[in-house]
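Inspection log for the structure reproduced underneath, given as structure tokens.
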Amino acid sequence: MDLKFTIRDLSLASEGQRKIDWIIPRMQVLNSIRKEFEKQLPFAGKKVVICLHLEAKTAYLAQVIKAGGAEVTVVASNPLSTQDDVVAALVQSGIGAHAWYNATEEEYNSHLQLALDTEPDFIIDDGGDLVSTIHTTRPELLKKVKGGAEETTTGVLRLHSMARDGVLKFPMVAVNDAQCKYLFDNRYGTGQSVWDGIMRTTNLVVAGKTAVVAGYGWCGKGVALRAKGLGARVIICEINPIKANEALMDGFEVMPMVEAAKHGDFFITVTGNMNVINKEHFIVMKSGAIMCNAGHFDIEVNVAQLKEISVSERTARTNITEYTLPNGQNLYVLAEGRLVNLAAGDGHPAEVMDMTFALQALSLEYIALNHEKLEPKVYQVNTEIDEKVAMLKLQSLGLSIDKLTEEQEAYLGSWSSEA
Ligand SMILES: NC(=O)c1ccc[n+]([C@@H]2O[C@H](COP(=O)([O-])OP(=O)(O)OC[C@H]3O[C@@H](n4cnc5c(N)ncnc54)[C@H](O)[C@@H]3O)[C@@H](O)[C@H]2O)c1
């Protein structure tokens, strides 16, 4: 195979490989899937394009898919989360790559096109950019691509919109909606890695401060839980009255953003929605307030409006932009409002991504084995796959659980009131 790559610097490969070597023993579920793939070669002779945050855990997923017989090419799902050394290590291990850190929009789009030039049979996407690019700019590939798997909430929403409008042309598995994904990755993964990103970027204390979390979905719950654990006062902003009640009963304060804006020291948006923090909020914030986003796209903090109302802006520290308002107040935005845990950190912990990427690998195998029977729509991850990942995870931790007795199974399946 003629390996194609567009990367920053191949000589960084050994440092990238060190990062990958660190996480491999910590991703035991993926390790056992790798062994299965090496025997069964579910992707033999097929091409796979993977569009994910290009850091060590993703790199290992790419290597596992390759171990299953595929010719793999990776491309970034976000220009600020790409780690150039990891991408170099992937190329060194025989995987095509088109990505570099801080790619401009033009470069990012050209990387997507270069990856698509390989004419993939299967894809893995994160946020829906790859699927959308294929459908809008490469219609000739719609017959070649047999299906794929989507990583995140925002991407799954976009896929549902495409299916609803009748434009989705191949089957996609909604990995995000599996229980082994959102219960762990979105909640505990985002919860830990967001605070890791904020703390390593700012080097400031969290205890005793006020953290405002916008969005109390799976990610928001994790971010709020860990903020509480770090000793912060936590305020939740929601648009959904049920989620707002849930936040209250979980022990958090609930109020609209225009009120919370006056109190927050840290603001974290994680809604998947746009313009959640705007001008009317900036102008009432305390000087020194720090804003960041953990939702998929950089549209939650309205940075364009903040720029408009500021008299000056400067880089205060790596990944921190300081905006000065006409009244002299300083407001700070981390990582340009992009995913703070990936653009200013290394993303979720390896043990959490072990489950997510196990789901990705098994879902892609499901597509590879079944695509001829599938329709161009959004499929949920099979319960068997979800439970298999959960069971493998327990086994990797040396844990076992109880089994239903025949009597219990019969009881749970009966409707009669007689014992
Ligand atoms: N940073 C990461 O590593 C990471 C990981 C997983 C998911 N994500 C992304 O995070 C976002 C949220 O994912 P999720 O799984 O928590 O979704 P979710 O649907 O479970 O939760 C989103 C919540 O935001 C609320 N919301 C929507 N608009 C709002 C607004 N204007 N103000 C306040 N609340 C609002 C919704 O009511 C909902 O409760 C998505 O974009 C997803 O793709 C990021």
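These numbers come from a predicted model, not from an experiment. Residues: numbered from 1 along the sequence shown. For ligands, and for the atoms within them, numbers begin at 1 and follow the listed sequence.
Nearest heavy atom pair, residue L325 against residue S310, reads CD2-OG, 3.8 Å. Residues K57 and M27 approach most closely at CG-SD, 3.7 Å, considering heavy atoms. Of all heavy-atom pairs between L130 and D125, the closest is N-OD2, 3.1 Å.
If you check each of E238, E151, K243 against atom 36 (C) of ligand 1, the one with the closest non-hydrogen atom is E238. In the candidate list N240, T152, T269, D126, T152 is nearest to atom 42 (C) of ligand 1, counting heavy atoms. Residue G295 holds the heavy atom nearest to atom 11 (C) of ligand 1 of all those in G295, A343, G127. Looking at N341, N273, T271 and measuring to atom 22 (C) of ligand 1, the nearest heavy atom belongs to T271.
Looking at ligand 1, you won't find any N or O of L342 less than 3.5 Å from one of its N or O atoms. Among the atoms of H296, some N or O lies under 3.5 angstrom from an N or O of ligand 1.
Judged purely by distance below 3.5 Å, without hydrogens or angles, the side chains of N319 and T201 never pair a donor atom with an acceptor atom.
Although no hydrogens or angles enter the test, the distance criterion places no donor-acceptor pair under 3.5 Å between the side chain of E238 and the main chain of P241. Although no hydrogens or angles enter the test, the distance criterion places a donor-acceptor pair under 3.5 Å between the side chain of K144 and the main chain of E119.
When hydrogens are left out, the protein atom nearest atom 21 (O) of ligand 1 is G217 CA, 3.1 Å; that is the closest non-hydrogen contact. From the protein, the heavy atom lying nearest to atom 33 (C) of ligand 1 is C237 O, 3.5 Å. Protein heavy atom in closest approach to atom 13 (O) of ligand 1: T153 OG1, 3.4 Å. Remark: minimum distance from atom 40 (C) of ligand 1 to any protein heavy atom is reached at T154 OG1, 3.3 Å. Protein heavy atom closest to atom 16 (O) of ligand 1, with residue, atom name and distance, is C219 N, 2.9 Å.
Within the structure, the closest approach of W218 to ligand 1 falls below 4.0 Å when heavy atoms are considered.
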